[in-house]
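Quick note on labels: first sequence line is chain A, next is B, and so on, each numbered from 1.
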Protein chains: 2
Amino acid sequence: MSIQAVAAQAGVSVATVSRAFNFPDKVTPATRELVERVARELNYLPNASARTLRTQRSRTLGVVLPTLLNPTFAECLQGIARAAVAGGYAILPVTTGYRLDEEERAVQLLLAGNVDGLILVVSNPSTSAALQRLQTAGVPYVLAYNRHSDHPCVSVDSEGAVADAVTRLVLLGHRRIAMVSGTLAASDRAQQRYRGYQRGMAEAGLDAPPLIEVPFVETAVDALCAELRPRTRPTALVCSNDLLAIRSIRAAHLSGLAVPDDLSVVGFDGIALGEDLTPALTTIAQPNSDIGRHSVELLVQAMAGGRTLQADASLLLPHAFRDGESCASAREDNDAAVS
Amino acid sequence: MSIQAVAAQAGVSVATVSRAFNFPDKVTPATRELVERVARELNYLPNASARTLRTQRSRTLGVVLPTLLNPTFAECLQGIARAAVAGGYAILPVTTGYRLDEEERAVQLLLAGNVDGLILVVSNPSTSAALQRLQTAGVPYVLAYNRHSDHPCVSVDSEGAVADAVTRLVLLGHRRIAMVSGTLAASDRAQQRYRGYQRGMAEAGLDAPPLIEVPFVETAVDALCAELRPRTRPTALVCSNDLLAIRSIRAAHLSGLAVPDDLSVVGFDGIALGEDLTPALTTIAQPNSDIGRHSVELLVQAMAGGRTLQADASLLLPHAFRDGESCASAREDNDAAVS
DNA sequence: CTGTTAGCGCATTCAA
DNA sequence: TTGAATGCGCTAACAG
């Protein structure tokens with residue numbers, strides 16, 4: 001069903017049909033209605049490829065995310081989708097599974113698909129070959145969650161947030177506070193959060209035990225259990241994301257520890273699911289949906305001006321410490337337990 | 001960066017460049033390498049829109065899902081993505097938020113985008129206007145999770161699975177078994193699962209209390225709490241999906257009930273997260289990733305033959321009762337509690 | 001093995 | 001206000 005067919009059936013030229021759709025004001029109300037009626041009857045849909053080819057714009061935004069199995073990114077994507085539709089854009093989401101080669105492949109795919117701009121969560125902005133490509137291609141983009149002074153980013157102050165969380169735990173009487181993180185090398189957020197942990201511990205004058213580093217994708221509850229052995233176990237765990245926090249709680253249970261009585265657990269991300277858990281997850285909540293929304297708005301705004309986004313357009317969104325039930329005061333006998 | 005530029009730079013015709021990419025065997029190794037080198041130097045990417053317009057195929061599959069906030073569909077999408085890549089297809093996922101108008105809008109968008117085929121989870125195959133459109137458009141499609149004798153579907157026997165689950169609960173000594181479901185009208189799966197519940201109860205000679213129906217999207221833990229009031233409360237809950245099961249466990253906790261000691265909870269879906277929870281979710285596990293994979297394979301196979309998929313190609317995949325910790329024998333005093 | 005050329009469906013000049 | 005004609009980038013005849 002092409003514009004030709006509609007034009008023929010309506011007894012007008014293809015140009016008129018095109019105008020009736022794109023500039024309704026530029027045709028007589030009579031002809032417009034005629035065209036619309038015929039189009040409807042014929043089930044006509046403007047061909048997106050042809051339109052993109054002709055106009056050199058697709059009104060589509062590419063979205064590159066690590067995974068949708070982490071609700072954080074699913075929530076963000078929903079924010080992106082909503083804002084994109086509102087701005088008259090479609091989205092084309094792709095996941096990378098935290099793999100660099102996939103990151104590059106994704107950007108390549110999206111570029112070939114003529115997206116007008118990109119929103120991406122990359123492993124590490126400093127070293128991302130995908131970003132390099134984008135820069136040279138001159139395609140507007142914005143990073144979400146990532147934080148880097150050379151790129152336009154929409155993020156939160158992960159480092160400060162974690163440092164604050166550590167301070168809270170210290171105020172609750174905790175001394176042995178450990179951090180659980182996904183593979184540091186695979187995520188600049190993990191690195192920032194780890195720095196925040198180190199800073200918080202240092203400020204409290206506490207020794208930071210070695211980072212408990214586990215894979216992002218697999219469950220690794222067993223590995224976590226190993227870290228909760230009685231003699232050396234921490235009384236509080238700061239987790240680099242909510243999924244890890246959930247697994248840590250599981251590991252505690254398997255190790256015979258009660259949360260929060262024997263072990264406090266703090267997450268990071270603020271996934272909605274966390275509030276429905278028992279114990280409800282105590283976490284540093286990011287405005288995931290808003291991160292998506294703002295990313296779109298920044299991008300669309302820049303594109304409207306025919307510009308690419310610059311680093312100085314970066315946005316730092318507020319986070320919030322969300323009090324749940326997975327965190328409590330250190331018990332007296334905990335000190336005994338670890339000594 | 002167009003094929004023209006590459007051709008000029010390499011000193012060959014555009015046809016040769018095209019061949020070098022699409023039929024490497026049809027050009028001399030020398031020219032192929034030349035073209036490849038030049039293309040790389042120029043950062044050339046074949047324009048997908050132009051290619052689609054010309055060939056009338058996009059090598060893209062549209063995917064219509066209710067939401068990605070339910071990990072079930074995120075897991076399925078991952079299966080789809082993996083299989084699609086393996087088959088040389090890209091995917092274009094869209095969510096509908098369980099809304100019919102969005103369902104139709106999504107199909108429209110994808111059709112305009114020239115997808116070669118669609119995988120969709122619709123509200124109700126019988127009444128879906130979107131499906132109607134697809135049929136008349138003659139575009140190949142397959143339904144995932146939905147089950148209907150007039151359409152090609154990849155699904156599990158939800159009804160039988162829930163009936164079996166009820167039987168298991170009865171064997172554990174439960175008599176007051178209630179069902180928690182999302183809005184029935186918004187999902188044929190919910191309807192099938194409810195029928196399974198009714199059948200299971202009937203077969204056990206038990207009275208089925210009224211369905212506890214809550215919204216799909218909101219949390220509705222409060223509403224669930226209301227259903228757990230002492231005098232009439234069930235001793236076991238069969239939930240139409242894992243998210244509802246999680247919320248039910250939360251509601252139990254808020255109501256002062258222990259799971260599984262005071263209340264058994266069975267979910268449906270088998271989301272990976274469920275295994276990391278405490279208590280680990282007892283659930284009817286669907287092979288979410290496989291549902292996605294098989295959907296793609298069926299579709300790709302049909303498209304390769306230039307056909308649309310017919311209802312008789314439908315696949316019924318095996319489900320499994322996954323034993324967790326949210327389910328236990330009915331306690332003696334439970335009968336006292338409800339009497 | 002390689003080049004020339006037409007046309008996919010559409011938006012957009014330029015004329016009328 | 002409308003129509004005719006051009007070309008976006010590419011692939012697929014067809015010719016050489």
Side-chain angles (χ1 to χ4, degrees), chain A residues 1-36 38-39 42-60 88 90 108-116 137 139, chain B residues 1-36 38-39 42-60 88 90 108-116 137 139:
Chain A
M1 202 34 39
S2 77
I3 202 174
Q4 303 274 0
V6 178
Q9 180 70 24
V12 298
S13 73
V14 292
T16 299
V17 177
S18 177
R19 285 192 203 99
F21 275 86
N22 300 306
F23 307 96
D25 304 335
K26 305 214 119 199
V27 300
T28 315
T31 52
R32 187 183 62 211
E33 278 166 35
L34 169 65
V35 169
E36 282 173 354
V38 172
L42 265 48
N43 258 315
Y44 168 72
L45 289 179
N47 182 310
S49 298
R51 178 177 281 179
T52 296
L53 182 58
R54 172 63 231 241
T55 60
Q56 302 289 47
R57 55 196 308 245
S58 59
R59 299 207 65 88
T60 295
Q108 202 126 337
L109 174 75
L110 294 173
L111 249 27
N114 301 305
V115 297
D116 295 340
V139 177
Chain B
M1 202 34 38
S2 75
I3 202 174
Q4 303 273 1
V6 178
Q9 180 71 24
V12 298
S13 74
V14 291
T16 298
V17 177
S18 177
R19 284 193 205 98
F21 275 86
N22 300 307
F23 308 96
D25 303 336
K26 305 214 120 198
V27 300
T28 314
T31 53
R32 186 183 63 212
E33 278 165 37
L34 169 66
V35 169
E36 281 173 355
V38 173
L42 266 48
N43 258 315
Y44 168 72
L45 289 178
N47 182 309
S49 298
R51 178 177 279 179
T52 296
L53 183 59
R54 174 63 233 234
T55 61
Q56 303 288 50
R57 54 195 309 245
S58 58
R59 299 207 65 89
T60 295
Q108 202 127 335
L109 174 75
L110 295 172
L111 250 26
N114 301 306
V115 296
D116 295 341
V139 177

Handout entry: B/Thr28 side chain to B/Ala30 backbone, donor-acceptor under 3.5 Å
Key = no
Problem - CG on A/Asn47 to CZ on A/Arg54, rounded to 0.5 Å - result: 14.5 Å
Exercise for the section: Taking side chain to side chain contact (heavy atoms under 4.5 Å, CB included) as the test, write out the residues that go with B/Val14, two or more places apart. Expected result: B/Ile3, B/Gln4, B/Ala7
Fill in the blank from the handout: For A/Ala10 and A/Leu34 the tightest heavy-atom approach is O-CD2, 3.5 Å
Handout entry: Inter-end axis angle, the helix from C/dC1-D/dG16 to C/dA16-D/dT1, with every axis fitted to five base pairs (rounded, 10 degrees)
Key = 40°
Handout entry: Nucleotide C/dG7, atom P - distance to CZ of A/Arg54 in whole Å
Key = 18 Å
Problem - Gap between atoms CD and C1', on B/Gln4 and C/dT5 respectively (whole Å) - result: 12 Å
Fill in the blank from the handout: So CG of A/Asp25 and CZ of A/Arg32: to nearest 0.5 Å the spacing works out to 7.0 Å
Fill in the blank from the handout: Note: chain B reaches DNA chain D at heavy-atom distances under 4.0 Å over the stretch, first to last nt, 5' to 3', of D/dG9 to D/dA13
I'd like a table of atom pairs between the protein and nucleotides 13-16 of chain C - only N or O on both sides, under 3.5 Å - with the distance next to each one.
none

Completion exercise
Nearest heavy-atom approach of A/Tyr44 to A/Ser2 is CE1-C, 3.6 Å
Handout entry: Stretch residues 21-36 of chain A: residues that reach within less than 4.0 Å of DNA chain C through a heavy atom
Key = A/Asn22, A/Phe23
Practice task
Report the distance from atom CD1 of A/Ile3 to atom P of C/dG7, rounded to the nearest whole Å.
Solution key: 19 Å
Exercise for the section: Heavy atoms only: give me the nearest B/Ala50-A/Leu53 pair and the separation to one decimal. Expected result: CB-CD1, 3.8 Å
Practice task
Looking only at non-hydrogen atoms, find the nearest pair between A/Val6 and A/Val17 and report the distance.
Solution key: CG1-CG1, 4.0 Å
Handout entry: Results of side chain to side chain contact (heavy atoms under 4.5 Å, CB included) for A/Ala137 - residues two or more places apart only
Key = A/Leu111, A/Val139
Problem - Nearest heavy-atom neighbours spanning A/Arg51 and A/Pro46 - result: NH2-CB, 3.5 Å
Handout entry: Smallest separation among heavy atoms of A/Ser49 and B/Thr52, with atom names
Key = OG-CG2, 3.3 Å
Fill in the blank from the handout: Taking for A/Ala48 and for B/Ser13 the nucleotide of DNA chain C with the nearest heavy atom, the one nearer the 5' end belongs to B/Ser13
Exercise for the section: Please report, rounded to the nearest Å, how far the C1' atom of C/dG9 is from the CG atom of B/Asn47. Expected result: 14 Å
Exercise for the section: Output the distance between atom CG (A/Leu42) and atom CD (A/Gln9), rounded to the nearest 0.5 Å. Expected result: 5.5 Å
Completion exercise
Between CZ of A/Arg57 and C1' of C/dT12 the distance, given in whole Å, is 15 Å
Practice task
First locate atom CD of B/Gln56, then atom CG of B/Asp116, and finally report the distance between them rounded to the nearest 0.5 Å.
Solution key: 10.5 Å
